[in-house]
Enquirer: 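My structure is below; once you've seen it, I'll send some questions.
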There are 2 protein chains.
Amino acid sequence: MTIQEAARRSGLSAHTLRYYERIGLIHAVDRNGRGHRDYDERDLEWLAFLTRLRSTGMSIADMCRYAQLLRAGAHTAEERRRMLERHREKVAARIAELTQDLSALDYKIKTYRETT
Amino acid sequence: MTIQEAARRSGLSAHTLRYYERIGLIHAVDRNGRGHRDYDERDLEWLAFLTRLRSTGMSIADMCRYAQLLRAGAHTAEERRRMLERHREKVAARIAELTQDLSALDYKIKTYRETT
DNA sequence: GTTTGACTTCGAGCACGCTCTAAGGGCGAC
DNA sequence: GTCGCCCTTAGAGCGTGCTCGAAGTCAAAC
């Protein structure tokens, strides 16, 4: 599929897709006869995974590291798993922090409701 | 108290405290005889509140807007409350999103555990 | 055959939120 | 008095993650 189609389906812009490829976050996507990028379903799955890592706050640098390990082969599976586990803990901690902040916010809003 | 002490107690750097003052996020802090900033407890409370807004992802621009409203007086209380309520919804949505991402991550980690 | 439009690469530019530097002032310790 | 240190202001610089622009290619539409 074309870069526009991949952009539409991944929710990323075509600019961003090219950028991700440039920095090695996605492998060199197949090119068709014209030299245009030709994405397939597996590319989209990988993009969806990346998007989830991004949305949970993983840095581009760490995602690149993960992508490198993946390309390096099966012997890096354990290190990848450890990366994900460490990241998982960060996400859990972030949720806990936000949950605390949310109740502080609720408290503050309540005082506004009472005084106005 | 000195800027260093305020930095230590707020968890922000002295650079950041000056920056916040410059952009109007905190009012012009009192100066002592030497022209040095002299923070008081209310300044610290305000910084703690700002820090909480920041940590929940409110932009500096929105925090400035809130600070402006606060300085404008009691008649802006309702608008401030509405700002906080809108922000509250964003935070709640973010927690929901992260919670979903967390289980996706857990699922991925589980597949790693099973295949290695 | 030329216009349109989507694609290519590569590098510059931008928004955000700091973070640091330069240049200078003032005070205490020696 | 001079060294050291912390403060001041104003403005430049930086890291991150895009986002955009320039210059050029190619194929289909008219």
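Just so it is clear: chains get the letters A, B, ... in the order the sequence lines come, proteins before strands, and each one is counted from 1.
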Enquirer: Which listed nucleotide (D:dT19, C:dT8, D:dA27) is nearest to the side chain of A:Ile3?
Expert: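 Nearest listed nucleotide: C:dT8.
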
Enquirer: With a cut-off of less than 4.0 Å, is there a side-chain N or O of A:Tyr20 near OP1 or OP2 of D:dG17?
Expert: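 It does not, given that no N or O in the side chain of A:Tyr20 lies less than 4.0 Å from OP1 or OP2 of D:dG17.
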
Enquirer: For the side chain of B:Arg22, starting at C-beta, report the closest nucleotide among C:dG17, D:dT19, D:dG11.
Expert: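 Given the options C:dG17, D:dT19, D:dG11, the side chain of B:Arg22 is closest to D:dG11.
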
Enquirer: Could you verify whether a donor N or O on one side chain and an acceptor N or O on the other, from A:His87 and A:Asp62, lie under 3.5 Å apart?
Expert: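 There is no such pair between these side chains.
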
Enquirer: Do NZ/NE/NH1/NH2 and the carboxylate oxygens of B:Arg9 and B:Glu41 come within less than 4.0 Å?
Expert: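 Salt bridge: yes.
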
Enquirer: Counting neighbours of CD on B:Gln100 that are heavy atoms of other residues, nucleotides or ligands and sit closer than 6.0 Å, is the number greater than 12?
Expert: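 Not more than 12 within 6.0 Å, no.
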
Enquirer: Please tell me which of the listed nucleotides, D:dG17, D:dC7, C:dC18, lies nearest to the side chain of B:His36?
Expert: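 Of all the options, the side chain of B:His36 is nearest to D:dC7.
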
Enquirer: For the pair made of CD in B:Glu5 and C1' in D:dC6, what is the distance, rounded to whole Å?
Expert: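 Between C1' of D:dC6 and CD of B:Glu5: 14 Å.
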
Enquirer: For the residue pair B:Asp101 / A:Ser55, report whether a side-chain donor-acceptor contact shorter than 3.5 Å exists.
Expert: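 Side chains of A:Ser55 and B:Asp101: pair found under 3.5 Å.
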
Enquirer: Nearest whole Å is fine: how far is D:dC18 C1' from A:Leu17 CG?
Expert: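 A:Leu17 atom CG is separated from D:dC18 atom C1' by 12 Å.
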
Enquirer: Do any N or O atoms from the side chain of A:Arg86 and from the backbone of A:Lys90 form a donor-acceptor pair under 3.5 angstrom?
Expert: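 No: the side chain of A:Arg86 does not pair with the backbone of A:Lys90.
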
Enquirer: Please determine, for the side chain of B:Tyr19, which listed nucleotide (D:dT19, C:dT19, D:dT8) has the closest atom?
Expert: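 The answer is C:dT19, which lies nearest to the side chain.
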
Enquirer: Using the side-chain heavy atoms of A:Ser59, tell me which of these nucleotides is nearest: C:dT8, D:dG17, D:dC7.
Expert: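 Selected nucleotide: D:dG17.
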
Enquirer: Just to confirm, is there a sub-4.0 Å distance from OP1 or OP2 of D:dT9 to any side-chain nitrogen or oxygen of B:Arg31?
Expert: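 For D:dT9, OP1 or OP2 has a side-chain N or O of B:Arg31 closer than 4.0 Å.
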
Enquirer: Can you tell me the distance, in whole Å, between the CE atom of A:Met58 and the P atom of D:dT16?
Expert: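 About 15 Å, once rounded to whole Å.
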
Enquirer: I want to verify a distance call: between D:dT8, D:dG17, D:dC20, whose nearest atom is closest to the A:His15 side chain?
Expert: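 Nearest nucleotide to the side chain: D:dC20.
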
Enquirer: Could you tell me whether B:Tyr66 and B:Phe49 have their ring centroids closer than 6.0 angstrom?
Expert: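 Distance test on ring centres: under 6.0 Å, yes.
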
Enquirer: When all nucleic acid strands are considered with a 4.0 Å heavy-atom cut-off, which category describes A:Arg37: base, sugar-phosphate, or nothing?
Expert: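 A:Arg37: backbone/sugar contact only, no base atoms under 4.0 Å.
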
Enquirer: By nearest nucleotide on DNA chain D, pick out whichever of A:Gly33 and B:Gly35 is the more 5' one.
Expert: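 Closest to the 5' end, via its nearest nucleotide, is B:Gly35.
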
Enquirer: Can you tell me how far C1' of C:dT9 sits from CD1 of A:Ile23, to the nearest Å?
Expert: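 It is 16 Å, rounded to the nearest whole Å.
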
Enquirer: Of the candidate nucleotides D:dT9, C:dC18, D:dC18, which contains the atom at the shortest distance from the side chain of A:Ile60?
Expert: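 For the A:Ile60 side chain, the nearest candidate turns out to be D:dC18.
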
Enquirer: Could you tell me the separation between the CG atom of B:Asp30 and the P atom of D:dT8, rounded to a whole number of Å?
Expert: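 Computing the B:Asp30:CG to D:dT8:P distance gives 13 Å.
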
Enquirer: When all nucleic acid strands are considered with a 4.0 Å heavy-atom cut-off, which category describes A:Arg18: base, sugar-phosphate, or nothing?
Expert: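 Touches a base.
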
Enquirer: Are OP1 or OP2 of D:dC7 and a side-chain N or O of B:Gln4 less than 4.0 angstrom apart?
Expert: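 True: B:Gln4 side-chain N/O within range (under 4.0 Å) of D:dC7 OP1/OP2.
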
Enquirer: Please give, in whole Å, the distance from C:dG28 C1' to B:Arg34 CZ?
Expert: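 So the two atoms are 10 Å apart, to the nearest Å.
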
Enquirer: Quick one: A:Leu53 CG to D:dG17 P, roughly how many Å, whole number?
Expert: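 Those two atoms, CG and P, are 13 Å apart.
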
Enquirer: Could you check how far CG of A:Leu47 sits from P of D:dC18, rounded to whole Å?
Expert: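 Going from CG in A:Leu47 over to P in D:dC18 covers 12 Å.
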
